[in-house]
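When reading the values below, keep in mind they use all heavy atoms of this one structure, side chains included, and skip hydrogens, waters and symmetry mates. Indexing begins at 1, ligand by ligand and atom by atom, following the structure's order. All values derive from a computational prediction rather than experimental measurement.
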Amino acid sequence: MSSTAEPIQPTPYIVTQNQAAGASAPSPNSDFEVAARGLIAVPDVPVIVSHTDPSKVVWDLTAYEFLAGAEWNEAPACANPLLWRQGQLAAQAGLFQVISGGGRTIYQVRGYDLSNMTILNGDHGLIVIDPLASYETAKAALALYRGATKDRTPISTLIYTHSHVDHFGGARGLFAELNDQVPTTLKVYAPTGFLEHAISENVYAGPAMARRAEYMYAAALGKGSDGQIGTGLGQTISTGEVTLIAPTDNIGDGPATPQKEWNSSYVIPWRDGLYARTVDGVPMVFQLTPGTEAPAEMNFYFPEPRALCMAENATHNLHNILSIRGAQVRDAHVWSTYLTEAIQAFAPYSDVEFASHHWSDMLKEAFWAPPATTEYGRVIALDDVIGTKVRALESLGRRHARFEFSLPDLRDRLAGADWLADDAFAAYELGPDQIQELRTWAVAWVTDLNARLHADEDFDFDGE
Ligand SMILES: [Zn+2]
C-alpha cells in the first residue's frame with residue numbers, strides 16, 4: 001500500500017520542536033568515521049525484489065541516497081535533526097569487516113534491512129547470526145558476502161540473538177543457493193524460549209502488530225527529505241517473505257557452565273549464569289538476557305577475536321521500552337541489570353563490540369590517541385606512562401590526568417598494546433626489542449590490574 005498523498009508543510013509547532021531537538025544533537029564527532037570503518041564492499045544491486053513476484057521491490061538500496069549528500073546538521077524543517085543524523089549513519093550499506101583475530105574474521109552486512117546480518121568462519125562452515133527480516137534480503141546479503149570475499153563455504157550454523165522477526169525472518173533465504181534445501185546437518189542456536197515468543201509475537205499477534213508496525217516504521221511512505229528518513233534503529237523493514245528455521249539447540253535449557261568446567265580458552269573469568277559452548281569449533285560464552293529488549297534474548301562473547309555481540313540490548317540509540325507496534329513491554333530495570341553484568345563480564349576482555357543493528361565500536365579507541373609531547377618525551381596517552389613504577393604511575397595518573405582517571409580505562413589502553421601494529425610504536429622511535437619489551441610490560445600490567453579489579457580491591461592510590 002503506497003501513499004499517494006502529497007507531503008504537507010510542517011506546522012510552526014513542529015518546526016519549533018524539531019529545532020529544539022536539534023540543539024541537543026551531538027557534534028559530528030567520530031560516529032561517522034566509526035560507522036564507515038571496515039567497509040569492504042558496497043551494495044552491488046540497486047533494489048531487492050520479491051522472489052515470488054519480481055515486479056515487487058522489497059528493499060530499495062538507493063532510497064536513502066538523499067541523506068548521503070546532505071549535511072548532518074542541515075535537516076529540513078519537517079525532520080527531527082536527531083533522526084536525520086541517525087539516518088545518515090544507519091543508511092551506510094554494504095559488507096563491513098568487524099574484526100579479525102584468533103583465526104576468526106567477523107563480517108556484517110549492514111543496510112540490507114532494518115537489522116544487520118553477521119557472518120564468521122567456523123571450523124566446518126559459516127556461522128550466520130541474525131539472517132535479517134525476509135527471505136530476499138538475507139539471500140542478497142549472503143550474495144554480497146560471497147561476491148566480495150569469494151568465500152563459497154557452506155553455512156554450518158545459524159544463531160538467532162532474539163525472538164524478533166528482523167532477526168530470523170530471512171533464515172530460509174540463506175539456502176536459496178541450495179534450491180531452498182536446508183541441510184539436515186544445520187545447527188540453529190537460540191536463547192531458550194525463542195520459538196514460543198517468536199510465534200506468539202509474530203503469528204498470534206502478527207496481523208495486529210504488522211499493521212501497527214506500518215505506522216511505527218512507515219515502510220510504505222515515500223522516502224525523501226519530506227517523507228520517511230529512517231526509524232532510528234535502521235532505515236525501515238523489508239517487505240519480503242518472512243520465514244523461520246526452528247532452533248536445534250536452545251541456550252539455557254540446561255544448567256549454566258559450572259566453574260569446574262571453565263577453561264582458559266574462554267578468556268573471561270568464570271561467572272555464575274554464563275553458558276560456554278563450542279559452536280562449529282568456535283568457543284563462545286553466552287549470557288541469557290530474558291525480559292530485556294525481547295522476552296528471549298542473549299548476548300555472547302567470542303574469546304578468539306575478543307569480540308562481544310550485544311544482540312539488540314546495546315545499540316546506537318536509546319531503545320524504546322513500550323513499542324508502538326505492540327511488542328511485549330520491556331522491563332527497563334531487568335535490562336539495565338543485564339547490561340551491567342555484560343560490562344563486568346565481557347567488556348574488559350573485548351576489543352570490539354557489535355550488535356544486530358547499527359555500526360560496531362572499537363573498545364580500544366583511546367589507545368589510538370596521537371602521542372603527547374611532555375617534558376619526559378613523547379608518551380602513549382597518560383602522562384609519564386613509560387619507565388615509572390606501576391602503582392606510582394596510577395597514583396600520578398589520578399592526580400594529573402586531564403580526564404577522569406579510572407583503572408579499567410588504563411587497563412583497556414594497556415591491553416591495546418598487544419593489538420597495536422609495530423608501526424605505531426616505531427613512531428616513538430622504538431626498536432624491535434624495545435617494542436617487544438614494551439608489549440610484555442603492558443601485558444604484565446594488564447594482568448595485574450585485572451587481578452586487582454576482579455578482586456574488587458579497594459585501592460588506596462596514595463598509600464603505596
Ligand atoms: Zn531488531
Next item on the list: Tell me, please, which residues at least two apart from Q88 pass side-chain hydrogen bond (donor to acceptor under 3.5 Å, both in side chains).
Entry: none
Salt-bridged, [X] to [Y], with N to O below 4.0 Å?
X	Y	result
R104	D123	yes
E241	R172	no
K187	D249	yes

Item checked: Least distance between heavy atoms, D226 atom then C78 atom -> CA-SG, 3.8 Å
Next item on the list: Show all protein N/O/S atoms under 2.8 Å from the Zn ion (ligand 1), or state that there are none.
Entry: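 Atoms qualifying: D166 OD2, H167 NE2, E312 OE1, H357 NE2.
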Notebook entry, point to check: Can N250 and T192 be counted as having a side-chain donor-acceptor contact under 3.5 angstrom?
Noted result: no
